[in-house]
Amino acid sequence: MATETVAKPRTSVRVHVQKFGTFLSGMIMPNIGAFIAWGFITALFIPAGFFPNAELAKLVGPIITYLLPLLIGYTGGRMVYGVRGGVVGAVATMGVIVGTDIPMFIGAMMLGPLTAWLMMKVDKIWEGRVKPGFEMLIDNFSAGILAAIMAVVGMLVVGPVVKAFSNGASAVVEFLVVNGLLPFTSIFIEPAKVLFLNNAVNHGILTPLGTQQALEQGKSILFLLEANPGPGFGILLAYSFFGKGLAKASAPGAAVIQFVGGIHEIYFPYVLMKPMMIFAAIGGGMTGIFTLVVTGAGLRSPAAPGSILAVYAATARDSYVGVTLSVLFATTVSFLIASVILKASKASAEDDLDEATHRMEALKGKKSSVASALTGAGMNAGGVAVLAGPVKNIVFACDAGMGSSAMGASVLRNKIKAAGFPDVKVTNSAIANLSDTYDVVITHQDLTERAKPATASAVHVSVDNFMNSPRYDEIVELVRASNTDGGEADAGAGAAAPAAAVATEAPAEAPVEAASDVEAGPAGILVAESVVLSGTATTRDAAIDEAGQLLLDRGAVDSGYLDAMHEREESVSTYMGSYLAIPHGTNAAKDHIMKSAVSVIRYPDGIDWNGKEVKFVVGVAGINNEHLQILSSIAKVFTNKAQVAQLEAATTVDEVLALFGKVNS
C-alpha cells in the first residue's frame with residue numbers, strides 16, 4: 001500500500017513560538033463568547049451606550065475584572081490537567097485579580113496553566129501510594145493547599161509583575177499611535193499570520209491590551225490589527241480575476257469562506273504559492289490600520305473568527321464608518337498589489353496550489369480541513385490519509401465511549417506497539433467528549449458524521465466493526481509514514497515489510513495489554529454467575545435482554561439501562577467481528593449504572609445480528625475506567641482465532657474465565 005512520505009517537523013524557534021501561540025489561543029478562543037457578551041453589555045448600557053442604564057451597567061466591571069480572567073485561568077488549567085487543573089487554576093487566578101487593579105488576562109494565562117502543571121506533578125508524588133478509602137481526602141486537601149499557596153503567590157508576586165508588563169506594553173502601543181507608527185506593525189503581523197505565529201501576538205498581547213483599552217475608552221484599535229479580513233480578501237479577489245488554473249478556479253469560493261466565514265487560513269496557500277504576495281498582505285494591512293488611526297475607529301471586543309460579520313458585531317457605536325473604510329481600503333490596496341504581481345508573473349498555466357497547501361499544513365503542523373477543500377486533499381492515491389506531522393494521539397469514539405471503542409483501542413494499540421511505535425497514544429472516548437486535539441479519529445461508519453464537527457483537524461477513519469477491521473493495517477501504515485523518515489528503517493526497504501507483518505499478525509499471539517493510563521478494575525467485574533455457556537435467546541433483541549438481565553441480577557444496573565442497551569443498538573450496531581457483540585447503554589444512560597460489571601453469554605448455534613453471525617454476547621456496564629481491563633482481555637481473546645475456538649469448545653465457566661485472564665485483579 002502506497003503512502004506519502006511525511007518528514008518530521010523541525011523543532012525550530014518558529015515551531016516553538018507557534019506551539020506557544022496555539023496554547024495561548026486555546027485559553028482565549030473557548031471564551032470569546034464571554035468577551036463578546038461583555039462587549040454587548042458595554043455597548044448597550046454604559047452612559048455612552050445605545051441604551052444607557054446605570055443599574056445594568058454594573059455588570060461591566062465585575063465581568064471584565066473577575067469573570068473573564070477566571071474563565072481564562074480555568075480553561076488554561078483544564079488544558080493542562082483536566083477539570084482538576086481547571087479548578088486550581090481558577091483559584092490561583094483569583095490571587096492575581098485581587099493583587100492588581102487592571103484586568104488580569106495575562107496573569108490568568110500564566111498562573112492557570114502553571115498551577116495545573118504543579119498540581120499534576122504533586123499528584124504524581126503519591127500516585128499509587130494512597131491507601132484505599134483516603135483518595136478523596138488526599139485529592140481535595142492537596143488541591144486546596146496548592147491552590148491557596150498559588151493564589152497568594154499570584155497576589156503578591158505575579159500580579160505586580162504582570163501589571164508592570166501591561167503598563168510597559170500599553171506605553172509602547174501609545175508611542176506607536178502618537179507617532180503614527182502603528183501601521184508598520186503589519187510588517188510583522190501579516191507574515192506571522194501566514195507562518196501561523198499570529199496567535200502568540202494576537203491572543204497573547206493584543207487581546208488583553210485591547211480589552212483593557214476598551215474598558216477605559218469604550219473601544220480599541222488593537223482588536224482589528226490582525227482580524228481585518230481586507231488584506232486576505234483582496235489577494236483572493238486578485239486570484240479570481242488574474243490567477244491561472246486551479247488557483248483561479250478555487251479563489252472565489254475561498255474568498256467567501258475567508259471574508260464571511262472568517263477562516264483566514266484559507267488564503268495562506270495562495271501567498272505561499274507566490275511569496276511576493278506577502279507584500280500585498282502587508283500593504284493592505286498597513287492601509288487598514290492607517291485608516292483606523294485617522295478615523296479613530298475601533299472594536300468593543302475581539303472579532304473571532306475574523307469574519308466581516310463578527311467585525312461589525314463588535315464595532316463601537318461611533319466606528320462603523322471608520323471600520324468599513326478600513327476593510328474597504330485594505331481590500332483595495334491588497335487587490336491592486338496582488339494584481340500587479342500576478343500579471344507580471346511568468347508562472348506556468350497551472351499554479352501549484354496543492355504543493356502550497358501542503359507547505360501551509362507543514363507550517364501549521366497539522367492537517368487543515370479548510371485548506372484541503374481547495375485541492376480535495378486528505379487522502380493520497382492509495383486511499384490512506386496523510387498528516388503534516390507525526391501521529392501522536394489516536395482516539396476511538398463511540399456513543400458511550402465504554403464498550404466497542406474501548407475494545408477497538410485495545411486491538412489497535414497492540415498493532416501500533418508491535419509496529420515499533422509505543423509512544424503513539426491510543427485512547428477511547430464518547431463522541432460527546434471529543435475535542436479537536438487528536439490526529440486520527442476512528443468511528444463506526446454510522447457515527448463518523450457526528451464526530452467530524454468536534455474534530456475537524458483530524459484524519460477520520462470509518463470502520464464497520466471494531467475488532468478486526470482491515471482499516472487498522474492502513475492506520476499502522478499511516479503512523480509509519482508520518483512518524484518516520486521515508487516510512488522505512490535505515491537498514492533498507494526490507495526492514496519495513498517484516499514490521500508490517502508483525503503489525504498485522506502480532507495481536508493474535510502477543511497479549512493485549514491495558515493502556516498505561518487505564519487502571520485495573522476492582523474485583524468482581526466479571527464473576528462466574530454472569531457467565532452462561534448456552535444462552536436461550538434466538539434473536540438479537542432477546543440476546544440483549546438476556547445479557548442485560550445478568551447485569552440487572554447483580555445489582556450493577558437498573559431497568560432503565562436495559563432500555564438504553566436497545567436504544568444504543570438501534571442507533572449503531574455493537575457487532576465487533578469474530579462472532580462477538582458487546583451490547584451496552586448509551587452515553588446518557590450512565591446514571592443507570594450502579595457499579596461496573598460484565599456478563600458473557602455463549603450461543604453455540606449462533607444468532608443473526610443484523611446480518612452478522614454472533615456466538616458470544618458480552619453485556620457491558622462501566623463506571624469511569626473500571627471495566628476497561630476486562631474489555632482489553634476480551635479483545636485479546638477475540639483477535640486470536642485459536643482462543644476463539646477454545647471458547648467455542650469450553651465446557652466449564654472456569655475455562656472461559658481463565659481465557660479472559662486475571663481480569664478482576
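Not measured: the values here are computed from a predicted model. In what follows, every heavy atom counts, from backbone to side chain, and hydrogens, waters and symmetry copies are set aside. One-based numbering along the sequence shown.
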Original post:
At their closest point, which heavy atom of Ala280 faces which heavy atom of Ile235, and how far apart are they?
Top reply: CB-CG1, 4.0 Å
**OP:** For Asn393 and Lys425, indicate whether the former's side chain and the latter's backbone hold a donor-acceptor pair under 3.5 Å.
**Re:** no
Original post:
In chain order, what residues pass the side chain to side chain donor-acceptor pair (under 3.5 Å) check against Thr324, with sequence neighbours excluded?
Top reply: Tyr312
Subject >> Straight-line distance of Ile187 CD1 to Phe279 CZ, nearest 0.5 Å >> reply: 10.0 Å
Original post:
Looking at CZ of Arg480 and CZ of Phe421, how far apart are the two atoms once the value is rounded to the nearest 0.5 Å?
Top reply: 5.5 Å
Subject >> Met277 vs Ile341, side-chain contact (heavy atoms from CB on, under 4.5 Å): CA-CA, chis, key distance, verdict >> reply: CA-CA 7 Å; Met277 281 292 174; Ile341 293 173; 4.1 Å; yes
**OP:** Drop me the distance from Phe188's CZ to Ile282's CD1, to the nearest 0.5 angstrom.
**Re:** 9.5 Å
Original post:
Heavy-atom distance under 4.5 Å between the side chains of Val461 and Val440, does that happen here?
Top reply: yes
Subject >> Side-chain touch Val83/Arg78, heavy atoms, less than 4.5 angstrom >> reply: yes
Subject >> Separation between CG of Leu236 and OH of Tyr267, rounded to the nearest 0.5 Å >> reply: 8.5 Å
**OP:** Evaluate side-chain contact (heavy atoms from CB on, under 4.5 Å) for Ile289 paired with Leu225, printing each intermediate quantity in order.
**Re:** CA-CA 6 Å; Ile289 296 174; Leu225 296 191; 3.7 Å; yes
Subject >> Under 3.5 Å: donor-acceptor pair, side chain of Ser319, backbone of Gly298 >> reply: yes
**OP:** Check for a donor-acceptor pair, side chain of Ser334 on one end and backbone N or O of Gly284 on the other, with a separation under 3.5 Å.
**Re:** no
Original post:
Would you find more than 12 non-hydrogen atoms of other residues, nucleotides or ligands less than 6.0 Å from Tyr81 atom OH?
Top reply: yes
Original post:
Yes or no on side-chain contact (heavy atoms from CB on, under 4.5 Å) for Val459 and Tyr438, after CA distance, side-chain angles and deciding distance?
Top reply: CA-CA 9 Å; Val459 170; Tyr438 301 101; over 6 Å; no
Original post:
Can you tell me how far CE of Met150 sits from OG1 of Thr93, rounded to the nearest 0.5 angstrom?
Top reply: 9.5 Å
Subject >> Qualifying salt bridge (charged side-chain N to carboxylate O under 4.0 Å, His left out) pairs, either residue in residues 278-288, two or more places apart >> reply: none
**OP:** Return the minimal non-hydrogen interatomic distance between Met119 and Arg84, and the atom names on each side.
**Re:** CE-NH2, 3.4 Å
Subject >> Sidechain-backbone polar pair: Thr115 side chain, Gly112 backbone, donor-acceptor under 3.5 Å >> reply: no
Original post:
Side-chain contact, heavy-atom cut-off 4.5 Å: Leu292 with Leu224?
Top reply: yes
**OP:** Write down the atom of Ser240, the atom of Lys248, and the distance for their closest heavy-atom approach.
**Re:** O-CE, 3.4 Å
**OP:** Kindly give the heavy-atom pair with the smallest separation between Val96 and Thr100, and that separation in Å.
**Re:** O-OG1, 3.1 Å
Original post:
If only atom types and distance count, is the side chain of Tyr239 paired as donor or acceptor with the main-chain N or O of Tyr270 below 3.5 Å?
Top reply: yes
Original post:
Going by atom types alone, do Asn228 and Ser326 pair a side-chain donor with an acceptor below 3.5 Å?
Top reply: yes
**OP:** Answer yes or no: is there a side-chain heavy-atom contact under 4.5 Å between Leu56 and Ile41?
**Re:** no
Original post:
Just by distance, do the side chain of Arg300 and the backbone of Lys219 share a donor-acceptor pair under 3.5 Å?
Top reply: no
**OP:** Decide yes or no for Lys274 and Leu342: does some side-chain heavy atom of the first lie under 4.5 Å from some side-chain heavy atom of the second?
**Re:** yes
Original post:
At what distance, to the nearest 0.5 angstrom, does CG of Leu146 lie from NZ of Lys121?
Top reply: 13.5 Å
**OP:** Could you label the plane-to-plane angle of the Phe259 and Phe233 rings as parallel, tilted or perpendicular, counting under 30° as parallel and over 60° as perpendicular?
**Re:** parallel
Subject >> Thr331 versus Gly230, closest heavy-atom pair with distance >> reply: OG1-CA, 3.2 Å
Quiz: residues 63-76 side-chain donor-acceptor pairs under 3.5 angstrom, not counting sequence neighbours:
from, atom 1, to, atom 2, distance (Å)
Thr65, OG1, Gly61, O, 2.8
Thr75, OG1, Asn31, ND2, 3.1
Thr75, OG1, Leu71, O, 2.7

**OP:** Check whether any side-chain heavy atom of Glu190 lies under 4.5 Å from a side-chain heavy atom of Pro231, and answer yes or no.
**Re:** yes
Subject >> side-chain contact (heavy atoms from CB on, under 4.5 Å) assessment of Thr291 paired with Val327 >> reply: CA-CA 9 Å; Thr291 304; Val327 175; over 6 Å; no
Subject >> Salt bridge Asp423-Lys392, side-chain N to carboxylate O under 4.0 Å >> reply: no
**OP:** Search all heavy atoms of Thr287 against all heavy atoms of Ala330 and return the closest pair with its distance.
**Re:** CG2-N, 4.3 Å
**OP:** For residues Ser307 and Gln258, determine if any side-chain heavy atom of one lies less than 4.5 Å from a side-chain heavy atom of the other.
**Re:** no
Original post:
Do Val333 and Met286 touch side chain to side chain, with heavy atoms closer than 4.5 Å?
Top reply: no
